[in-house]
Amino acid sequence: MKPIQSIKLRKLEMALVAPFTTSFGTFHDKQFYIIETKDEDGNIGYGESVAFSSPWYNEETVKTNEHIIKDFLIPALKQTTLNHPEDVHPLFEKFRRNHMAKAAIEGAIWDLYAKQENIPLATAIGGTASKIDVGVSIGIKNTTDELIDTVRRSVEQGYKRIKIKIKPGWDVDVLTKVRDEFPDIDMMADANSAYTLDHIDTLKQLDDLNLMMIEQPLAHDDIIDHATLQKAIQTPVCLDESIHSLEDTRKAIELGSCQIINIKIGRVGGLTEAKRIHDYCQAHNIDVWCGGMLEAGVGRAHNIALTTLSGFTLPGDTAASSLYWKQDIINPEVTVQDGTITVPNGPGIGFEIDQDALEQFTVEQETISMNN
Ligand code: OSB
Ligand code: MG
């Protein structure tokens, strides 16, 4: 690929249209990095970091992203010549973890490469789908009625599956009421690591609810107890937080810790590793789907590209922009019709950046030249 001339780091701040509550906390707004990689022809590749301001989901934050990107990742890029975006993952491997920081840079390089080649990002990574199925993730609400109203709206909007966040005290009773109201919908639960094996009786009761899966019931760093749990329950276990790499994937599958894997580009350190995990799961008959991290348009576009790979057999969490943002930073914003997103066919991520919106939400920016 043609060399990168400069990298711009933009810190954005955007308010969510509605608060989003998980077992670990409530999000009202989001600060995050947008990375721009520019070449001598003026092509710009875009990447988005999915790290949050607080280390709730994993250990990374917006501030650690800045440190890792500026002090390690960009200096490493300056000392090398990239032939292809797949060169980025091995280059960054000498730095431990910090996968979201790495994925943001790698994503901007993948987009730049696809624009240089004048092909869609989906095509560049080997994706073929022209439409993808999507579901929606519904946060913890104040009342069961509020949850049921939100589920009803989501079903009416056509989402292909409904994911409901749970935590101890907001689980079997609430899900039973939702199931009674909607006997036939594809429905699943996500615990974000809120349980231990001490809760096994509660988790066994979920077997009566015909859930597609339960996502990350146990500790964020566990694959052993999840294997014990999977043997004790019928509901398929899906891992999210516990999977950071292809190696983690291999071990979890060998142990029987899960039957399904949620792939998040940021959590696994970029599109290259995400694709490898997808390929491995496909070869081992493990269903995968693309997770979400309340992304703005750039991250959403990368998720859409990843989901075009043929092993993404289950609907992901990439819902419409309007469920998260009053104004997104891409044009057009992501829309969902009958539970599907039409994959754009323009070069790279296939969405224009709304430069006015981008400027409006930028709170800090810095451009680093790659020529010195
Ligand atoms: O566990 O998938 C998760 C949001 C924030 C952090 C973690 C998760 C989530 C979601 C929402 O479930 C996914 C989305 O709608 O982007
Ligand atoms: Mg999850």
Side-chain angles (χ1 to χ4, degrees), residues 14 16-32 48-62 99-100 132 134-141 147 150-151 153-154 157 159-167 170 187-195 211-222 226 236-244 252 258 260-268 274 288-304 306-307 314-325 328 333-334 336 339 341:
M14 289 169 67
L16 287 162
V17 292
F20 188 88
T21 299
T22 69
S23 61
F24 54 71
T26 299
F27 298 89
H28 296 273
D29 44 36
K30 216 183 157 190
Q31 272 207 356
F32 58 95
E48 176 174 331
S49 171
V50 297
F52 298 116
S53 298
S54 309
W56 287 341
Y57 170 84
N58 74 352
E59 71 284 1
E60 293 184 82
T61 67
V62 178
H99 286 177
M100 294 171 174
I132 61 165
V134 292
V136 68
S137 175
I138 300 178
I140 292 167
K141 304 290 185 188
L147 175 62
T150 310
V151 173
R153 221 172 313 127
S154 307
Q157 287 166 349
Y159 284 101
K160 299 269 186 192
R161 66 98 172 102
I162 307 293
K163 161 166 142 184
I164 295 170
K165 294 287 192 181
I166 59 169
K167 64 176 183 182
W170 180 266
M187 176 173 143
M188 61 174 285
D190 184 2
N192 288 108
S193 304
Y195 297 85
L211 300 179
M212 298 167 81
M213 70 194 89
I214 175 158
E215 183 179 346
Q216 196 71 34
L218 308 179
H220 70 94
D221 54 358
D222 169 77
H226 278 100
V237 171
C238 168
L239 289 177
D240 173 354
E241 282 89 332
S242 295
I243 302 294
H244 307 95
C258 64
I260 298 170
I261 287 181
N262 164 340
I263 301 182
K264 289 182 180 169
I265 302 167
R267 196 189 64 233
V268 305
V288 303
W289 55 278
C290 181
M293 291 287 280
L294 312 175
E295 289 91 345
V298 170
R300 222 159 272 286
H302 281 265
N303 288 344
I304 293 168
L306 178 67
T307 307
L314 294 165
D317 272 348
T318 309
S321 296
S322 60
L323 290 189
Y324 308 82
W325 317 111
D328 204 341
E333 61 174 36
V334 174
V336 174
I341 294 173

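In each ligand, atom 1 is the first atom listed, and ligand 1 is the first ligand listed.
Near Asp240, the atoms of ligand 1 lying under 4.0 angstrom from a non-hydrogen atom of the residue are 1 (O), 2 (O), 3 (C).
A distance-only check finds no donor-acceptor pair linking the side chain of Ser54 to the backbone of Trp56 [under 3.5 Å]. Side-chain N or O atoms of Glu48 include one that pairs as donor or acceptor with a backbone N or O of Ala296 at under 3.5 Å. The main-chain N or O of Glu241 is found under 3.5 Å from a side-chain atom of Gln216 such that the two form a donor-acceptor pair. Between the side chain of Ser154 and the backbone N or O of Tyr159, no donor-acceptor pair lies under 3.5 Å. A donor-acceptor pair under 3.5 Å is absent between the side-chain atoms of Thr61 and the main chain of Ser53, judged by distance alone. Not a single donor-acceptor pair under 3.5 Å links the side chain of Thr21 to the backbone N or O of Thr26.
Closest to atom 13 (C) of ligand 1 among all protein heavy atoms lies Gly292 O, 3.3 Å. Regarding atom 16 (O) of ligand 1, its nearest protein heavy-atom neighbour is Leu294 N, 2.8 Å. Atom 5 (C) of ligand 1 has as its closest protein heavy atom Phe52 CZ, 3.7 Å. Given atom 1 (O) of ligand 1, the protein heavy atom at minimum distance is Asn192 ND2, 2.7 Å. Of all protein heavy atoms, the one closest to atom 2 (O) of ligand 1 is Lys264 NZ, 3.0 Å. In this structure, atom 9 (C) of ligand 1 lies nearest to the protein heavy atom Lys165 NZ, 3.5 Å.
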Before you tell me yes or no, could you show the steps for Asp240 and Arg267 under salt bridge (Lys or Arg N to Asp or Glu O under 4.0 Å), namely the whole-Å CA-CA distance, both residues' side-chain angles and the distance that decides it to 0.1 Å?
CA-CA 9 Å; Asp240 173 354; Arg267 196 189 64 233; 2.6 Å; yes
request  = Go through the steps for Val50 and Lys264 under the test side chain to side chain contact (heavy atoms under 4.5 Å, CB included), then give the verdict.
outcome  = CA-CA 9 Å; Val50 297; Lys264 289 182 180 169; over 6 Å; no
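Put simply, part of Tyr324 is less than 4.0 Å from ligand 1, judged by heavy atoms. Under the 4.0 angstrom criterion for non-hydrogen atoms, Glu215 is in contact with ligand 1.
Nearest N, O or S atom of Glu215 to the Mg ion (ligand 2): atom OE2. Restricting Asp240 to its N, O or S atoms, the one at the least distance from the Mg ion (ligand 2) is OD2.
At a heavy-atom distance under 4.0 Å, no atom of Gln216 approaches ligand 1. When non-hydrogen atoms are compared, ligand 1 lies under 4.0 Å from neither the backbone nor the side chain of Thr318.
Ligand 1 has no N or O atom lying under 3.5 Å from any N or O atom of Arg300, backbone or side chain. At a 3.5 angstrom cut-off on N or O pairs, Glu241 does not count as close to ligand 1.
More than 12 heavy atoms of other residues, nucleotides or ligands shown are found within 6.0 angstrom of NE2 on His244.
Considering CD1 of Ile341 and OG1 of Thr318, their distance stands at 6.0 Å, rounded to 0.5 Å.
Counting backbone and side-chain atoms alike, Asp190 contributes an N/O/S atom closer than 2.8 Å to the Mg ion (ligand 2). Among the atoms of Glu241, none of the N, O or S atoms falls under 2.8 Å from the Mg ion (ligand 2).
A salt bridge (Lys or Arg N to Asp or Glu O under 4.0 Å) with Asp190 is found for one member of Lys167, Lys165, Arg161 and no other, namely Lys165.
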